[in-house]
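When a residue number appears, it is its place in the shown sequence, counting from 1.
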Amino acid sequence: LALRLAFLALGKQADVICDGDMPDSLKYLPGSEAMLYPEKVNGADYDTAIAVDVSDRSLLGKSEAVFDAAGFRMVIDHHATNPAFGQANFIRRGESACCLLAYEAILGLGVEMTKDMGTCLLTGMSTDTGHFQYPATSPATLIAAGELLKLGVDISAMTRRLYRTQPMNRVKLTRIAYNKLRFMFDQQVGVIDFDKHDFEETGCTFGQADGLVNKALEVEGVRMAVLASEREDGIKMSLRAVEPDTVNDIAVLFGGGGHAQAAGCTIHAPLQEALDQMLAAMKDKLDKTPRPEGRV
């Protein structure tokens with residue numbers, strides 16, 4: 001959304017296209033109402049398509065057809081597993097926030113940074129870093145965040161929408177998550193799984209399950225966590241780990257990817273079978289990696 005505002009400031013025509021609904025918690029972002037679905041556009045109408053914060057082309061979903069049909073294809077990303085699938089690639093593997101790269105790109109275009117751009121960028125920096133808590137948080141991201149605050153971005157209102165406000169249906173899904181939470185392999189792996197009924201019962205979208213995997217990771221002694229969500233196109237696995245353990249290498253085994261301590265993949269199998277495959281891979285990893293010294 002910030003890049004779109006920058007291109008508009010340059011007099012370009014620019015659209016944001018996303019396969020999926022805009023989460024309610026992000027509808028405060030300037031320009032969010034202009035987001036388009038890939039089914040509603042013709043990729044051949046665009047001179048350039050930029051995949052932003054997409055670690056692999058398969059994760060574009062229905063937007064992949066739009067991306068491929070555009071005249072020129074570019075990637076802006078920070079995931080360690082990104083294979084550089086664009087004709088031009090601005091990738092800084094392992095950087096803490098993709099919005100830092102977007103921030104640098106906007107400055108590189110010579111566009112004056114605005115409060116609306118800053119609101120979008122600071123939101124992305126916050127969510128990518130766990131509000132500046134994750135180990136990958138870089139000095140450059142904190143410096144950029146400080147510059148955006150100078151534009152008048154309301155960080156209090158932003159963080160309230162992101163972290164301190166949630167609809168009742170997500171509260172119900174969180175209750176189900178705690179009820180289903182269990183631990184395996186000497187309590188080193190936390191597990192939560194949602195079937196289709198859980199989403200139907202609560203009225204939650206799949207996106208509203210995002211972040212609940214951290215409920216399993218927050219328990220003392222847990223090294224890795226997995227949240228399995230049953231979807232129409234397979235079982236979506238959200239993986240997390242506590243440093244120095246990693247999960248992106250496990251995600252790659254199933255065609256996924258991501259960050260060292262936060263990754264994901266989709267397994268095309270029934271829920272329990274898919275979960276069994278994932279847990280077997282996690283156990284294999286744990287068996288080969290001694291418990292870090294000093295960890296309880």
Worksheet, complete the sentence: Hits for side-chain contact (heavy atoms from CB on, under 4.5 Å) against Leu36, two or more places apart or cross-chain, chain-then-number order -> Asp15, Ile17, Val41, Tyr46
Worksheet item: Got a sec: does the NZ of Lys215 have more than 12 other heavy atoms crowding it under 6.0 Å?
Response: no
Worksheet item: Does a sphere of radius 6.0 Å around CD in Glu201 hold more than 12 heavy atoms from other residues, nucleotides or ligands, not counting ones at 6.0 Å or beyond?
Response: yes
Discussion item. Any side-chain to backbone donor/acceptor pair from Asn82 onto Ala84? Under 3.5 Å, distance only.
Written reply: yes
Discussion item. Working to the nearest 0.5 angstrom, can you tell me the gap between Ile192 CD1 and Lys180 NZ?
Written reply: 10.0 Å
Discussion item. Could you tell me if the side chain of Tyr163 sits less than 4.5 Å from the side chain of Thr127, heavy atoms only?
Written reply: yes
Discussion item. Among residues at least two apart in sequence or on other chains, which ones pass side-chain contact (heavy atoms from CB on, under 4.5 Å) with Val191?
Written reply: Arg182, Met184, Val189, Val226, Leu275, Leu279
Discussion item. If we ignore hydrogens and angles and just use 3.5 Å, is the side chain of Gln188 paired with the main-chain N or O of Arg223 as donor and acceptor?
Written reply: no
Worksheet item: Between Asp68 and Ala65, is there a donor-acceptor pair closer than 3.5 Å when you use the side chain of the first and the backbone of the second?
Response: no
Response to the item:
Joining Ile, Leu, Val, Met, Phe, Trp and Tyr whenever any side-chain heavy atoms lie under 4.5 Å apart, the cluster holding Phe85 also takes in Val54, Leu59, Leu60, Phe67, Val75, Ile91
Worksheet item: What pairs with Phe72 under ring-ring contact (aromatic ring centres under 6.0 Å, His included), at least two apart in sequence or on another chain?
Response: none
Discussion item. Please give me the minimum heavy-atom distance between Ile50 and Thr48, naming the atom from each residue.
Written reply: CG1-CG2, 4.1 Å
Worksheet item: Looking only at atom types and distance, does a side-chain atom of Thr114 sit under 3.5 Å from a main-chain N or O of Met117, one as donor and one as acceptor?
Response: yes
Discussion item. Can a side-chain donor-acceptor contact be found between Asp56 and Ser58 if the only test is distance below 3.5 angstrom?
Written reply: yes
Fill in: N/O donor-acceptor pair under 3.5 Å between Ser126 side chain and Leu122 backbone
no
Item to complete: Using the ring pair (Phe, Tyr, Trp, His ring centres under 6.0 Å) rule, collect all pairs that involve residues 240-268, keeping only residues at least two apart or in two chains.
Response: His78-His259, His79-His259
Worksheet entry | Sequence-distant partners of Ser238, side chain to side chain donor-acceptor pair (under 3.5 Å), two or more places apart | none
Practice prompt. For Cys265 and Gly256, work out which heavy atoms get closest and say how close.
Written response: CB-CA, 3.7 Å
Discussion item. Can a donor-acceptor pair be found, under 3.5 Å and without considering hydrogens, that links the side chain of Arg164 to the backbone of Ala157?
Written reply: no
Worksheet item: Are any of the side-chain heavy atoms of Lys285 and Met282 separated by less than 4.5 Å?
Response: no
Response to the item:
Separation between CE (Met237) and OG1 (Thr266), nearest 0.5 Å, reads 9.0 Å
Worksheet entry | Reported CD1-to-CG distance for the pair Ile235 and Leu271, which is rounded to 0.5 angstrom | 4.5 Å
Item to complete: Report the residues that fulfil side-chain contact (heavy atoms from CB on, under 4.5 Å) with Asp47, sequence neighbours left out, ordered by chain and then residue number.
Response: none
Discussion item. For a quick test of reading the model, state the closest non-hydrogen atom pair linking Glu230 to Lys196 and the distance between them.
Written reply: OE1-N, 3.0 Å
Discussion item. As an exercise, state the distance from CD of Glu95 to OG1 of Thr141, rounded to the nearest 0.5 Å.
Written reply: 4.5 Å
Discussion item. Holding to side chain to side chain donor-acceptor pair (under 3.5 Å), I want the full list of residues that pass it with Arg170, two or more places apart in sequence or in another chain.
Written reply: Gln166
Item to complete: Measure the shortest side-chain to side-chain distance between Thr202 and Gln208 over non-hydrogen atoms and say whether it is less than 4.5 angstrom.
Response: no
Worksheet item: Just by distance, do the side chain of Thr289 and the backbone of Leu286 share a donor-acceptor pair under 3.5 Å?
Response: no
Discussion item. Is any side-chain heavy atom of Gln133 closer than 4.5 Å to one of Thr137?
Written reply: no
Worksheet entry | Interatomic distance, Asp53 atom CG to Cys99 atom SG [nearest 0.5 angstrom] | 7.5 Å
Worksheet item: Knowing that exactly one of Asp116, Thr123, Thr119, Leu121 qualifies, which makes a side-chain contact (heavy atoms from CB on, under 4.5 Å) with Val153?
Response: Thr119
Worksheet item: What pairs with Tyr37 under ring-ring contact (aromatic ring centres under 6.0 Å, His included), at least two apart in sequence or on another chain?
Response: none
Worksheet item: Has the side chain of Asp195 got a donor or acceptor atom that lies under 3.5 Å from a matching backbone atom of Asp198?
Response: yes
Discussion item. Which residues pass the side chain to side chain donor-acceptor pair (under 3.5 Å) test with Lys12, not counting sequence neighbours?
Written reply: none
Worksheet item: With a cutoff of under 4.5 Å between side-chain heavy atoms, which Ile, Leu, Val, Met, Phe, Trp and Tyr residues group with Val171?
Response: Met168
Discussion item. Under a 3.5 Å distance rule, please check whether Asp128 uses its side chain to pair with a backbone N or O of Cys98 as donor and acceptor.
Written reply: yes
Fill in: Ser25 side chain to Arg161 backbone, donor-acceptor under 3.5 Å
no
Worksheet item: Do you know the tightest heavy-atom contact between Pro290 and Lys288?
Response: CD-O, 3.8 Å
Discussion item. Going by ring-ring contact (aromatic ring centres under 6.0 Å, His included), name the residues that satisfy it together with Phe194, two or more places apart in sequence or in a different chain.
Written reply: Phe199
